[in-house]
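Contents: one structure, followed by commentary.
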Number of protein chains: 2
Amino acid sequence: MALSAALLAVAGDLTQRINDGVAARGFTDIRPAHGFAFARLAPGGATATELAAHLGVTKQAASQLVDEIVRKGYAERRPHPGDARARLVVLTERGRACTRAAEEAAVDVVGGWAELMGEGEVRALWGRLARIAPHGPIKPAW
Amino acid sequence: MALSAALLAVAGDLTQRINDGVAARGFTDIRPAHGFAFARLAPGGATATELAAHLGVTKQAASQLVDEIVRKGYAERRPHPGDARARLVVLTERGRACTRAAEEAAVDVVGGWAELMGEGEVRALWGRLARIAPHGPIKPAW
DNA sequence: TCTATATGGTCAAGTTACTTGACTGTTCTG
DNA sequence: CAGAACAGTCAAGTAACTTGACCATATAGA
């Protein structure tokens, strides 16, 4: 159970720091959940239902999240080529800028880890984590 | 950012599996957050304010959580020896049984990891995590 | 000691990020 | 070309928090 707490502590700390870094770069109106949505949208966009599956929430919740990021100018809805029911959600330039800010912030934080334990160790840690739960839920379950 | 997602995936997966294991052992009316509260209460109890600090929530939220676990029979409030303002929250036998169930479930899950990557690797992983964010937030920040 | 401030806890109300349920319009399947 | 499956939306409900106001006790300073 201590291992579980350690994992949560690291995940929570990292998420918080990245969010702080993103806010420090001028994007103060978004939450970490939006960042994980951006990650799914970045390579070519996605539908609301795909986003829902990625985040582990209902399609209604995903749709609400899309409403919000569209309203705030981070994404836009386009007609889906090849499926008239669906709408493709794609990032705007602002959305891509925010995603870059998140990447920068993540590099900063993980760089701090590298000072603590060495670059190779960080890579090894990453590799092990990726093998344990490759399709685990992104959102918290509690 | 992929590292962040991997961490969250593992933390979420582990938390979920432990909770499922606890439910399978007959404790179906609690959430992971309660488990983290139990971990703080187990060695001699704690006040609501201490619990709030441990979980990273307001004292009101902690107090509500205590109300709930008291109502469900997992803990009880006692007068605090040496501070008439405070009340010491201690686990009941049911609370301790639930904590043991959580430990068992955790052992099961982490045992699965050991099959995947070896016992030594799991220990190494644990050690590194503990060094990265020894006082990170237990609760999700998003 | 007495007073001022800090602290532990509770009560009440408000907020937010979800959920469930019902519905429309479009696309697959046999 | 009917009927099931699916993308999306609208509306309402809910759970787990939050903020704010308050009381009782404790601690520190004059």
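Just so it is clear, the values below take in all heavy atoms, side chains as well, and ignore hydrogens, waters and symmetry mates. Just so we're on the same page: letters track the sequence lines, and every chain starts at 1.
- The residues B:Arg131 and A:Glu115 are annotated as not salt-bridged, no charged nitrogen and carboxylate oxygen being separated by less than 4.0 angstrom.
- C:dT10 atom C1' lies 17 Å from atom CZ of B:Arg71, rounded to whole Å.
- Rounded to whole Å, the distance from CZ on B:Phe36 to P on D:dC17 is 13 Å.
- Across the interface with DNA chain C, nearest-nucleotide mapping of A:Gly82 and A:Ala61 shows A:Ala61 to be the residue nearer the 5′ end.
- At a cut-off of 3.5 angstrom, the base of C:dG8 holds no donor-acceptor pair with the side chain of B:Glu50.
- Comparing D:dC17, C:dC18, D:dA7 by their closest approach to the side chain of A:Thr49 singles out D:dA7.
- With D:dG20, C:dA22, D:dG8 as the choices, the nucleotide that has an atom nearest any side-chain atom of A:Gln60 turns out to be C:dA22.
- The A:Arg85 side chain lies nearest to C:dT26 when the options are D:dA26, C:dT26, D:dT19.
- Within the 4.0 angstrom heavy-atom criterion, only backbone atoms of the sugar-phosphate kind lie near B:Ala84; the bases stay farther away.
- Checked against C:dG8, D:dA11, D:dT18, the side chain of B:Asp83 finds its nearest nucleotide in C:dG8.
- One cannot find a donor-acceptor pair under 3.5 Å joining the base of C:dT16 and the side-chain atoms of A:Gln64.
- Note that CG of A:Asn19 and CZ of A:Arg31 are 9.5 Å apart. Values are rounded to the nearest 0.5 Å.
- Taking the C1' atoms of five terminal pairs at each end of the helix from C:dT1-D:dA30 to C:dG30-D:dC1, the two resulting helix axes are inclined by 30°, rounded to 10°.
- The nearest whole Å value for the distance from the NZ atom in B:Lys59 to the P atom in D:dC22 is 14 Å.
- For B:Glu76 and B:Arg71, the salt-bridge test fails: no basic side-chain N is under 4.0 Å from an acidic carboxylate O.
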### Task
Carefully, step by step, assess A:Asp108 and A:Ile18 under the rule side-chain contact (heavy atoms from CB on, under 4.5 Å).
CA-CA 9 Å; A:Asp108 284 356; A:Ile18 291 179; over 6 Å; no
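- Between B:Arg100 and B:Glu104, none of the side-chain N atoms (NZ, or NE/NH1/NH2) sits under 4.0 Å from a carboxylate O, so this pair counts as no salt bridge.
- Of the candidates D:dT18, D:dA7, C:dG9, the closest approach to any side-chain atom of B:Val57 belongs to D:dT18.
- Residues A:Glu68 and A:Tyr74 form no side-chain contact, since every pair of their non-hydrogen atoms from C-beta on lies 4.5 Å or further apart.
- An OP1 or OP2 oxygen of C:dG8 is reached within less than 4.0 angstrom by no side-chain nitrogen or oxygen of B:Thr47.
- No chain of hydrophobic side-chain contacts below 4.5 Å, direct or via other Ile, Leu, Val, Met, Phe, Trp or Tyr residues, connects B:Leu51 to B:Val90.
- In this structure, the separation between OG1 on B:Thr47 and CZ on B:Arg77 is 11.5 Å, given to the nearest 0.5 Å.
- Using a 4.0 Å cut-off, some side-chain N or O of A:Ser63 falls inside it from OP1 or OP2 of D:dT9.
- Between the CD1 atom in B:Ile132 and the CG atom in A:Asp13 there is a gap of 9.0 Å [rounded to 0.5 Å].
- Note on B:Thr58: a base of the nucleic acid sits closer than 4.0 angstrom, heavy atoms only.
- A:Leu88 and A:Leu65 are not part of a single hydrophobic cluster, where members link through side-chain heavy atoms under 4.5 Å apart.
- At D:dA7, none of the side-chain N or O atoms of A:Arg87 fall inside 4.0 Å of OP1 or OP2 (strictly under the cut-off).
- Note on B:Ala48: only backbone sugar-phosphate atoms sit closer than 4.0 angstrom, heavy atoms only; bases stay farther off.
- Against DNA chain C, the stretch residues 73-80 of chain B makes heavy-atom approaches under 4.0 Å through B:Arg77.
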